[in-house]
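Report on one structure; see the data block that follows.
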Amino acid sequence: MTTSSTGTGDVDPAVREELAALRDSIDNIDAAVVHMLAERFKCTQQVGRLKAAHRLPPADPAREARQITRLRTLAENAKLDPAFAEKFLNFIIGEVIRHHERIADGTTEHPDGTPGPTTD
Ligand SMILES: C=C(O[C@@H]1C=C(C(=O)O)C=C[C@H]1O)C(=O)O
């Protein structure tokens, strides 16, 4: 059998330790990302309810354009690919708009994706 790229059984213990330490940090960062996204979605759900109550459209392309410009600059300064940052933001915004459309038409999903109005 060739050396597997998925296991670390036959790797130098020092390398294995370094890999484990890096993966601990990756796990912490992923947890932070999940918590930050959860907070962001809490805010955007409130925005969705506010928009629906005042008959405002789910999407605001002018606001999105400003956010993309801002995020691309932040990404460049942080040495993150701005095209990736833009794609990531658009992915999130797409999901938010979908939520807003569902809030507006009264078919809000539960957080687990099952259909039906939520009580919160
Ligand atoms: C959250 C809003 O609704 C939409 C979602 C956005 C977002 O996720 O940042 C931005 C603009 C809107 O298209 C908003 O209008 O602020």
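Whatever order the structure lists ligands and atoms in, that order sets their numbers, starting from 1. Atoms considered below: every heavy atom in the structure, side chains included; atoms not considered: hydrogens, waters and symmetry mates. Owing to the predicted nature of the structure, the values given are computational and were not obtained by experimental measurement.
- For ligand 1, residues of the protein lying within 4.0 angstrom by heavy-atom distance are Arg40, Thr44, Val47, Lys51, Pro58, Ala59, Asp60, Arg63, Glu64, Gln67, Ile93, Val96, Ile97, His100.
- Considering only residues two or more places apart in sequence or on other chains, Val15 meets the side chain to side chain contact (heavy atoms under 4.5 Å, CB included) condition with Val11, Asp12.
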For residues 60-72, which side-chain donor-acceptor pairs fall under 3.5 Å, sequence neighbours excluded?
residue : atom : partner : partner atom : Å
Asp60   : OD1  : Ala62   : N            : 3.4
Asp60   : OD1  : Arg63   : N            : 3.2
Thr69   : OG1  : Ala65   : O            : 3.0
Arg72   : NH1  : Glu86   : OE1          : 2.6

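- Ile93 is not connected to Phe84 by any chain of hydrophobic side-chain contacts under 4.5 Å among Ile, Leu, Val, Met, Phe, Trp and Tyr, and they are in different clusters.
- A salt bridge links Glu95 with Arg98; the closest basic N to acidic carboxylate O contact falls under 4.0 Å.
- Among residues two or more places apart in sequence or in another chain, the salt bridge (Lys or Arg N to Asp or Glu O under 4.0 Å) test is passed with Lys42 by Glu39.
- Remark: side-chain polar atoms of Lys51 are not paired, donor with acceptor, to backbone N or O of Leu56 under 3.5 angstrom.
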